[in-house]
Amino acid sequence: MKFCSHCGAPVTLRVPPGDTLPRHVCDACHAIHYQNPRMVVGCIVEWEDRILLCRRGIEPRHGLWTVPAGFMENGETTFQGALRETLEEAHARVEIDSLYALYNIPHINQVYLLFRARLLDTAISPGAETLEVKLCPENEIPWERIAFASIRNALAHYFSDRKRGAYPFHTGTIEPAPAKK
Ligand SMILES: [Zn+2]
């Protein structure tokens with residue numbers, strides 16, 4: 001951030017009085033611009049023994065597979081956000097069953113919330129930011145081509161839970177991927 005979104009003056013990065021972390025502070029209007037983690041909401045969508053996967057048509061990870069998920073918008077609930085992303089990315093109408101996984105990803109300032117959901121009908125098709133959608137059985141999951149560690153992790157738990165017939169809540173922290181040699 002370079003300029004104040006209130007008054008347009010340049011901002012400086014410093015620790016405001018009484019605070020503990022550096023913030024973008026406007027010396028003209030004294031606004032303090034806090035930056036906080038963003039919430040990503042999405043669905044693991046079930047249809048019989050399959051789940052809904054989307055191939056990403058946008059960066060990052062263009063061309064790789066994921067479940068429908070995206071940034072929450074202001075003014076919506078986590079449920080509404082997950083339903084909206086699922087509709088936008090796969091034109092899929094679903095009913096949410098339960099909250100399934102929460103992942104902290106502190107190195108990119110994100111929190112993932114993934115719900116289990118049931119597909120209401122199979123009229124699915126790629127949205128504007130999606131190349132391809134499919135209902136994928138476990139033995140066809142492209143594990144090496146899943147876009148994000150959080151999603152790979154959640155799907156691994158999901159298929160393991162499904163074998164046991166119980167879906168407890170999962171939570172964890174995703175660490176940065178080790179640098180490629
Ligand atoms: Zn200002």
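Position 1 is the first residue of the sequence, and the numbers go up from there. Bear in mind the structure is a predicted one, so any value in this text is a computation, not a measurement. Values below: every heavy atom of this structure, side chains too, minus hydrogens, waters and symmetry copies. We count ligands from 1, going down the list as the structure has it; atoms in each ligand are counted the same way.
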**Prompt:** For residues D161 and H170, is any side-chain donor paired with an opposing acceptor at under 3.5 Å?
**Reply:** yes

**Request:** Report, rounded to 10°, the angle at the Zn ion (ligand 1) between the two atoms SG (C26) and SG (C7).
**Result:** 100°

**Request:** Have a look at the Zn ion (ligand 1) and estimate, to 10 degrees, the angle subtended by SG (C29) and SG (C4).
**Result:** 110°

**Message:** As a test of understanding, state which of R162, R118, R116 forms a side-chain hydrogen bond (donor to acceptor under 3.5 Å, both in side chains) with E46.
**Reply:** R116

**Request:** Decide ring-ring contact (aromatic ring centres under 6.0 Å, His included) for F169 and Y100; before the verdict, give the C-alpha distance in whole Å, the side-chain angles of both, and the deciding distance to 0.1 Å.
**Result:** CA-CA 5 Å; F169 178 65; Y100 183 62; 8.1 Å; no

**Asked** So, H30 and the Zn ion (ligand 1): N/O/S under 2.8 Å, yes or no?
**Response** no

**Asked** Do R84 and E73 come within less than 4.5 Å of each other through their side chains, counting heavy atoms only?
**Response** yes

